[in-house]
Amino acid sequence: MNKMFRKELRRKFLIETLPEPLTRASHHLQIFDNYIAGTRIRIRSVRDPQSKQWSWILQQRIPLEIGGLLQLKISEMHLDEAEHLVFSIFEGNELRKNRYFHEYDGRSFLIDMYLGELWGLNIASVEFDDEVSFADHQPPPFAVFDITNDPFFLGDELVTKKFEDVRNEVAAVADRSLGSIEPAE
């Protein structure tokens, strides 16, 4: 097994707002993802607003489709502040989001509320240890649509989008979802 990469088995869902009991004032992290154009690499800067501590990660993310479900192969290197400054010349293609943490049905969900040009986009994700539970997972009640297999909602795609693009994609997702529902007899 290649120890340079880890496989991420994550389901993703569009949500309207934070599930209860979370509020925007709940503990969260501020995430700044800078995508290096023409690569599969991003520089992630994470700030904890409570402690004011920063951390930096250089990541390579490779999308894979396994068994009909989109998965990621991820390699990452943690940077100190001096190393991050060296890579800061690549910053500019940035996504900003606040990440909240929510427990539901024995699973830990990450809730990303996007900022800036993507204000209004909210995505919940949950990670799995094995492909069977990944494939069998049912959406939580706070999910609007399952977007696990939609590459539009990957960060390297979103970084070039505005909320109007998101609105159009959500309409297409809704049309596909309605088209897959068979009428009751």
Side-chain angles (χ1 to χ4, degrees), residues 6-36 40-63 70-81 84 87-88 90-129 134 137 139-148 150-163 165-166 169-170:
R6 67 178 167 85
K7 184 167 52 171
E8 183 177 272
L9 302 168
R10 187 178 297 273
R11 299 295 298 263
K12 294 172 71 171
F13 306 96
L14 283 177
I15 62 172
E16 287 187 43
T17 189
L18 291 168
E20 291 184 4
L22 293 176
T23 68
R24 287 192 178 273
S26 298
H27 178 261
H28 63 280
L29 298 176
Q30 297 167 328
I31 297 177
F32 307 83
D33 285 335
N34 281 274
Y35 291 84
I36 300 175
R40 298 174 295 188
I41 297 172
R42 75 178 179 193
I43 302 161
R44 171 168 276 186
S45 301
V46 180
R47 180 179 181 266
D48 183 334
Q50 288 181 341
S51 68
K52 299 187 178 22
Q53 294 293 312
W54 284 88
S55 60
W56 302 276
I57 307 165
L58 182 65
Q59 294 180 323
Q60 182 183 41
R61 300 162 41 88
I62 302 170
L70 186 63
Q71 300 176 26
L72 292 174
K73 224 169 96 169
I74 299 174
S75 176
E76 58 186 26
M77 181 185 325
H78 292 262
L79 306 173
D80 64 21
E81 189 170 4
H84 172 256
F87 285 101
S88 67
F90 297 109
E91 293 179 352
N93 295 322
E94 183 178 77
L95 278 181
R96 293 181 298 126
K97 59 192 175 186
N98 287 338
R99 174 163 290 169
Y100 296 83
F101 306 90
H102 182 66
E103 296 292 322
Y104 174 77
D105 200 25
R107 297 230 173 251
S108 297
F109 282 79
L110 303 177
I111 311 282
D112 290 338
M113 300 190 81
Y114 287 79
L115 305 169
E117 296 285 345
L118 296 177
W119 178 267
L121 174 61
N122 305 311
I123 297 176
S125 63
V126 59
E127 196 165 342
F128 298 90
D129 295 327
F134 173 65
H137 180 74
F142 50 87
V144 177
F145 293 112
D146 186 329
I147 56 169
T148 301
D150 193 334
F152 177 93
F153 293 100
L154 293 174
D156 57 341
E157 288 292 322
L158 286 174
V159 75
T160 64
K161 308 295 188 222
K162 300 205 180 305
F163 191 74
D165 302 315
V166 171
E169 182 63 18
V170 169

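Quick caveat: nothing in here was measured; it's all calculated off a predicted structure.
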Exercise for review: Determine which pairs satisfy salt bridge (Lys or Arg N to Asp or Glu O under 4.0 Å) with at least one residue from residues 21-35, sequence neighbours left out, and list them in order.
Suggested key: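 Pairs touching residues 21-35 that pass the test: Asp33-Arg42, Asp33-Arg44, Asp33-Lys97.
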Review point. What's the spacing between Glu76 CD and Ile41 CD1 if we round to 0.5 Å?
Key: 13.0 Å
Hey, does [Y] have a side-chain heavy atom less than 4.5 Å from the side chain of [X]?
{"X": "Asp156", "Y": "Arg61", "result": "no"}
{"X": "Leu14", "Y": "Leu121", "result": "yes"}
{"X": "Phe128", "Y": "Arg11", "result": "yes"}
{"X": "Leu115", "Y": "Phe32", "result": "no"}
{"X": "Ile111", "Y": "Pro19", "result": "yes"}
{"X": "Phe101", "Y": "Ser108", "result": "no"}

Please identify each residue that fulfils ring pair (Phe, Tyr, Trp, His ring centres under 6.0 Å) with [X], with sequence neighbours left out.
{"X": "Phe145", "value": "none"}
{"X": "Phe163", "value": "none"}
{"X": "Phe142", "value": "His102, Tyr104, Phe109"}

Set of side-chain contact (heavy atoms from CB on, under 4.5 Å) partners for [X], sequence neighbours left out:
{"X": "Ser125", "answer": "Arg10, Lys12, Leu110"}
{"X": "Phe90", "answer": "Ile36, Ile43, Phe87"}
{"X": "Ser26", "answer": "Leu22, Thr23, Tyr100"}
{"X": "Asp165", "answer": "Phe152, Lys161, Lys162"}

Using the side-chain hydrogen bond (donor to acceptor under 3.5 Å, both in side chains) criterion, which residues pair with [X]? Sequence neighbours excluded.
{"X": "Ser88", "result": "none"}
{"X": "Glu117", "result": "none"}
{"X": "Arg47", "result": "Gln30"}

Give me the atom names and distance for the closest heavy-atom approach of [X] to [Y].
{"X": "Asp48", "Y": "His28", "value": "OD1-O, 4.4 Å"}
{"X": "Glu94", "Y": "Val159", "value": "N-CG2, 3.7 Å"}
{"X": "His84", "Y": "Ser45", "value": "NE2-OG, 3.4 Å"}
{"X": "Ile15", "Y": "Ala143", "value": "CG2-CA, 4.0 Å"}

Check your understanding: Residues two or more places apart in sequence or in another chain: which of them pass salt bridge (Lys or Arg N to Asp or Glu O under 4.0 Å) with Arg99?
Key ->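 By the salt bridge (Lys or Arg N to Asp or Glu O under 4.0 Å) rule, Arg99 matches Asp112.
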Check your understanding: Would you say the side-chain atoms of Asp146 pair up with the backbone N or O of Thr148, donor to acceptor, closer than 3.5 Å?
Key ->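 A pair under 3.5 Å: yes.
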**Study point:** Other residues, nucleotides, ligands: >12 heavy atoms within 6.0 Å of Glu20 CD
**Key:**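 No, the 6.0 Å shell around CD holds no more than 12 heavy atoms from other groups.
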